[in-house]
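A short worksheet on the structure shown next.
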There are 2 protein chains.
Amino acid sequence: MFRISRLTDYGIVVMAHLAECRDDDSHNARELAEDTQLPAPVVSKILKSLTRAGLLVSQRGSKGGYSLARSPDEIPVVEMITALEGPVGITECTIQPGACAQESSCQVRDPWHRINGAVHAALEKITLADLAKPIDPTGPFIPLVGMDGDETDHTASNAKALE
Amino acid sequence: MFRISRLTDYGIVVMAHLAECRDDDSHNARELAEDTQLPAPVVSKILKSLTRAGLLVSQRGSKGGYSLARSPDEIPVVEMITALEGPVGITECTIQPGACAQESSCQVRDPWHRINGAVHAALEKITLADLAKPIDPTGPFIPLVGMDGDETDHTASNAKALE
DNA sequence: GGATATCGGACTAAATAGGTCCTGTAAATA
DNA sequence: TATTTACAGGACCTATTTAGTCCGATATCC
Ligand code: FES
Ligand code: FES
């Protein structure tokens with residue numbers, strides 16, 4: 001129903017946790033599962049996917065574990081989502097041309113592409129650093145929403161969170 | 001996979017078709033299915049959902065059918081999506097508080113809310129009139145993307161479409 | 001009254017997501 | 001070297017959701 005899967009949500013929680021405790025040593029899967037209160041096998045599965053996508057680096061053997069591959073502010077949300085559930089695309093046709101019977105006669109194809117682009121851009125601007133609480137504010141807090149002004153309240157709450 | 005369901009996509013295609021032929025008489029389900037090249041039972045199901053949500057008005061009996069309840073520029077995309085697949089929310093927690101075990105300790109809950117708000121706002125700005133080709137340009141063409149400038153190409157193509 | 005077309009929901013089948021478990025392999029340690 | 005630890009990669013099963021079909025009831029027009 002137009003939402004990210006629970007696995008992805010979990011994955012981002014784990015990533016945020018890793019971003020939060022900015023120590024260099026790697027955390028193993030069991031430990032991360034405990035910290036985030038999530039089922040261990042699931043966390044393990046998620047970690048493997050994230051590693052394969054190049055968002056985490058893994059260290060095998062005893063004292064092994066996972067750690068962030070990059071700085072949190074260089075990991076956009078869209079990349080985490082992509083890693084865990086494939087390419088982001090509002091509609092099927094957005095990703096895979098030719099999947100649709102209409103295609104040629106379809107009126108809404110092009111507009112969907114633009115909508116998709118807008119959402120994609122929004123998810124690209126937001127990084128893991130924005131999700132994790134900035135306990136060490138060395139870098140500036142990047143504004144979350146990249147939309148131009150509208151009168152809904154979330155932008156207000158965002159502005160409040162900034163100051 | 002972070003996309004709208006195929007049914008919803010179909011539904012919007014049908015709505016766009018209805019918006020395109022701006023005659024006042026209602027179109028029946030069979031006719032709409034033919035025009036859009038979609039399976040008739042599916043179209044029928046979609047039409048019922050859209051009617052229940054108040055986006056279409058139906059007329060029973062012979063010469064019956066469906067027509068738009070409002071002007072296309074007063075039907076936002078988000079409403080069509082909501083009608084066909086429930087409330088728009090990126091994460092489960094965004095919609096239903098208490099579904100998550102963490103909830104209290106969760107770091108990412110609030111940022112997700114803001115992301116969700118941004119996407120929601122984007123889908124609210126885009127209306128059915130933007131999706132259907134403006135064959136009768138009495139009203140101005142409303143810009144699709146409501147995000148502030150970024151360097152990806154879709155905004156460029158959008159700007160090109162405007163002028 | 002008969003033809004037409006929506007209404008509402010039940011129903012089945014297919015696809016996807018969620019979750020578990022097992023075998024192999026790399027690294028550290030004793 | 002032997003042992004322990006912990007990731008890698010799948011196979012696998014189950015639950016849930018989605019897609020699609022169908023039918024009896026009801027409303028409208030002629
Ligand atoms: S719905 Fe697939 S191309 Fe338009
Ligand atoms: S993941 Fe559910 S409240 Fe944070």
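In the text below, chain A, chain B and the rest are named by the order of the sequence lines, each starting its count at 1. Quick note: numbers below take in every heavy atom, side chains included, and nothing from hydrogens, waters or symmetry partners. It should be emphasised that the depicted structure is a prediction, and the values quoted were computed from it without experimental measurement.
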(request) Report yes if the side chains of B:L84 and B:I46 come closer than 4.5 Å at any heavy-atom pair, otherwise no. (result) yes
(message) Judged by each residue's nearest nucleotide on DNA chain C, which is more toward the 5′ side, A:K45 or B:Y66?
(response) B:Y66
(message) Heavy atoms from C-beta onward define the side chain here; which of D:dT21, D:dG9, C:dC7 lies closest to that of B:V42?
(response) D:dT21
(request) Using a cut-off of strictly less than 4.0 Å, decide whether A:S5 has a side-chain nitrogen or oxygen near OP1 or OP2 of C:dG18. (result) yes
(request) Return the value, rounded to whole Å, for the distance between atom CD1 of A:I81 and atom P of C:dA17. (result) 14 Å
(request) Return the value, rounded to whole Å, for the distance between atom CD1 of B:I46 and atom C1' of D:dT18. (result) 12 Å
(message) Nearest whole Å is fine: how far is D:dT28 P from B:N28 CG?
(response) 17 Å
(request) Determine the contact category for A:S44: base if any of its heavy atoms lies under 4.0 Å from a base atom, sugar-phosphate if only primed atoms, P, OP1 or OP2 are that close, otherwise nothing. (result) nothing
(request) Provide, to the nearest angstrom, the distance between the CG atom belonging to B:L32 and the C1' atom belonging to C:dA5. (result) 12 Å
(message) For C:dA5 and B:S58 - does any side-chain N or O of the residue sit under 4.0 Å from the phosphate oxygens OP1/OP2?
(response) no
(message) Which is more 5' along DNA chain C, the nucleotide nearest B:R60 or the one nearest A:A40? Just name the residue.
(response) B:R60
(request) Could you check how far CZ of B:R3 sits from P of C:dA15, rounded to whole Å? (result) 15 Å
(request) Starting from C1' on C:dG19, measure out to CD on A:E85 and report it in whole angstrom. (result) 16 Å
(message) So, applying side chain to side chain contact (heavy atoms under 4.5 Å, CB included) with B:V88, which one of B:V77, B:V78, B:I4 is it?
(response) B:V78
(message) With a cut-off of less than 4.0 Å, is there a side-chain N or O of A:Q59 near OP1 or OP2 of C:dA28?
(response) yes
(request) Nearest whole angstrom, please: distance from the C1' of C:dG18 to the CD1 of A:I4. (result) 15 Å
(request) Find which nucleotide of DNA chain D each of A:G61 and B:G61 is nearest to by heavy atoms, and output the residue with the more 5' nucleotide. (result) A:G61
(message) Less than 4.0 angstrom from a charged side-chain N to a carboxylate O is my criterion; do A:E85 and B:R3 meet it?
(response) no
(request) Taking the side chain as every heavy atom from C-beta outward, state whether A:L131 and A:I12 have any pair of such atoms under 4.5 Å apart. (result) yes
(message) On the nucleotide C:dG19, are OP1 or OP2 found under 4.0 Å from the side-chain N or O atoms that A:R6 carries?
(response) yes
(request) Indicate yes or no: at least one non-hydrogen side-chain atom of A:S58 is less than 4.5 angstrom from one of A:Y66. (result) yes
(message) Without decimals, in angstroms, what is the distance between B:R30 CZ and C:dT4 C1'?
(response) 11 Å
(request) Answer with base, sugar-phosphate or nothing: what part of the nucleic acid does A:K63 contact at a heavy-atom distance below 4.0 Å? (result) sugar-phosphate
(message) Over all strands shown, is B:R52 touching base, sugar-phosphate only, or nothing at heavy-atom distances under 4.0 angstrom?
(response) sugar-phosphate
